[in-house]
Number of protein chains: 2
Amino acid sequence: MYPIKSGPDEREEVDAMSDLLERLRARGWRMTSQRRVVAEVLDGQHVHVTADEVLAAAALRLPEISRATVYNTLGELVSLGEVLEVSTDGRAKRYDPNARNPHQHLVCGGCGTVRDVHPVGDLVAGLPEAERYGFAVTGVEVTYRGLCPECAAAAG
Amino acid sequence: MYPIKSGPDEREEVDAMSDLLERLRARGWRMTSQRRVVAEVLDGQHVHVTADEVLAAAALRLPEISRATVYNTLGELVSLGEVLEVSTDGRAKRYDPNARNPHQHLVCGGCGTVRDVHPVGDLVAGLPEAERYGFAVTGVEVTYRGLCPECAAAAG
DNA sequence: TCCTACGATGGACGGAGTCCAAGTCAAGAA
DNA sequence: TTCTTGACTTGGACTCCGTCCATCGTAGGA
């Protein structure tokens with residue numbers, strides 16, 4: 001029913017998947033085929049996908065899945081902390097399945113590609129006390145901007 | 001024709017304004033009443049406004065101004081480097097007239113207030129070469145997240 | 001003053017996301 | 001196994017943000 005390719009890496013992925021599905025079930029998620037497919041699509045991704053891309057990928061397995069369901073499910077995964085929402089360009093939000101591993105983003109101004117990166121040093125510490133205006137600073141999001149090798153080459 | 005109020009503070013603002021208008025004229029801007037009004041609206045702002053807020057404020061002075069004109073003018077101001085485009089949430093872009101002074105943003109997770117802040121150190125340098133994946137990194141945007149004193153107090 | 005190319009207009013359009021009423025079904029209870 | 005029920009899904013309408021385009025208007029140079 002689900003055209004899951006098999007291969008040498010498959011076992012590990014399926015196990016990671018079960019972890020995610022188990023965590024979701026443990027938090028009281030009613031496990032529907034739609035939610036399972038959305039979770040699986042995200043879990044297999046190593047890039048940051050848009051809701052539309054999730055919908056397209058999910059529809060390959062479950063053609064009748066609706067846009068509203070995809071948005072609902074993504075929203076729930078975000079509020080459960082399993083997925084990060086990233087809006088790098090003011091256009092479509094992207095979803096980052098790598099939420100359990102703290103990281104920042106490197107975005108290509110040409111093609112929009114987003115890569116996870118890991119800067120060194122304490123980023124929050126870079127903001128002096130005098131610049132905090134009494135805020136309790138709890139986190140920081142960093143987006144590095146540039147051109148990927150392909151776009152840089154195309155730009156001459 | 002232009003219902004510009006006059007008052008004790010008016011002189012200073014008009015001078016700063018003339019600077020901006022002069023810069024724009026020097027860059028070959030054809031000075032229309034619409035562009036003048038949009039530039040004036042932005043220049044008077046110390047907060048980060050949406051295109052819609054700019055339109056509303058501009059329409060007070062020039063009721064027949066169109067949305068397309070406001071977007072065009074904002075786009076030009078951005079590409080001239082006079083105004084920064086900021087998208088802190090995935091919703092409407094905001095425009096930051098403080099473009100001539102490099103800065104980052106501190107956002108309150110409670111009320112959404114955005115403050116300009118000035119972190120110390122070279123932020124781009126925090127990204128190791130090995131983490132750049134061949135990208136030509138040209139800039140960095142940092143958003144510090146936290147709670148402002150009021151929201152922190154309200155949260156207990 | 002006249003010309004003309006640049007800019008403004010406003011309405012249509014498109015993408016992203018939300019909302020809602022009606023139908024469906026997962027999973028616990030009996 | 002078969003209810004039962006309320007959480008979930010559907011799809012279409014809707015909103016919001018922004019862009020496009022044909023047409024009209026006008027700033028500013030000749």
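All values below come from the heavy atoms of this structure, side chains included, with hydrogens, waters and symmetry mates left out. Here is how names work: the chains are called A, B, and so on, in the same order as the sequence lines, proteins then strands, and each is numbered from 1.
- What you find for B:Leu21 and B:Ala39 is that their closest heavy atoms are CD2-CB, 4.1 Å.
- Nucleotide D:dC16 holds its P atom 15 Å from the NZ atom of A:Lys93, rounded to whole Å.
- Judged as a salt bridge (Lys or Arg N to Asp or Glu O under 4.0 Å), and not counting sequence neighbours, the contacts of B:Arg145 are A:Glu141.
- One atom, CZ of A:Arg36, and another, P of C:dA27, lie 8 Å apart when rounded to the nearest Å.
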Please write out the pairs of protein N or O atoms and N or O atoms of nucleotides 27-30 of chain D separated by less than 3.5 Å, giving the distance to one decimal.
unit_1: D:dG28; atom_1: OP1; unit_2: B:Met31; atom_2: N; d: 3.0

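- Rounded to a whole Å, the CG atom of A:Leu74 is 14 Å from the P atom of C:dA16.
- Chaining together hydrophobic side chains whose heavy atoms lie under 4.5 Å apart places A:Leu127 alongside A:Leu106, A:Val117, A:Leu123, A:Val124, A:Tyr133, A:Phe135, A:Val137, A:Val140, A:Val142, A:Tyr144, B:Leu106, B:Val117, B:Leu123, B:Val124, B:Leu127, B:Tyr133, B:Phe135, B:Val137, B:Val140, B:Val142, B:Tyr144.
- The list of ring-ring contact (aromatic ring centres under 6.0 Å, His included) pairs with a residue in residues 104-132 of chain A, not counting sequence neighbours, reads A:His48-A:His105, A:His103-A:His105.
- Summarising the geometry, the separation between CG on A:Leu24 and P on D:dC8 is reported as 12 Å, rounded to the nearest angstrom.
- When each of A:Asn72 and A:Thr50 is assigned the nucleotide of DNA chain C with its nearest heavy atom, A:Thr50 is the one assigned upstream, toward the 5' end.
- Within the 4.0 Å cut-off from OP1 or OP2 of C:dC25, not a single side-chain nitrogen or oxygen of A:Gln34 is found.
- For the pair A:Arg35 CZ and C:dA27 C1', the interatomic distance rounds to 13 Å; values are reported in whole Å.
- Put simply, CD on A:Glu85 is 13 Å from C1' on C:dT18, counting in whole angstrom units.
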Heteroatom pairs (N/O) under 3.5 angstrom, protein to nucleotides 10-15 of chain C:
unit_1: C:dG10; atom_1: OP2; unit_2: B:Glu64; atom_2: O; d: 3.3

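- Counting only distance, with no hydrogens or angles, the side chain of B:Arg25 and the backbone of B:Met31 share no donor-acceptor pair below 3.5 Å.
- Regarding A:Tyr71, its OH atom lies at a distance of 17 Å from the P atom of D:dG12, rounded to whole Å.
- As a whole-Å value, the separation of B:Leu62 CG from D:dG25 P is 16 Å.
- Applying the salt bridge (Lys or Arg N to Asp or Glu O under 4.0 Å) definition to pairs two or more places apart or across chains, none involves residues 45-59 of chain A.
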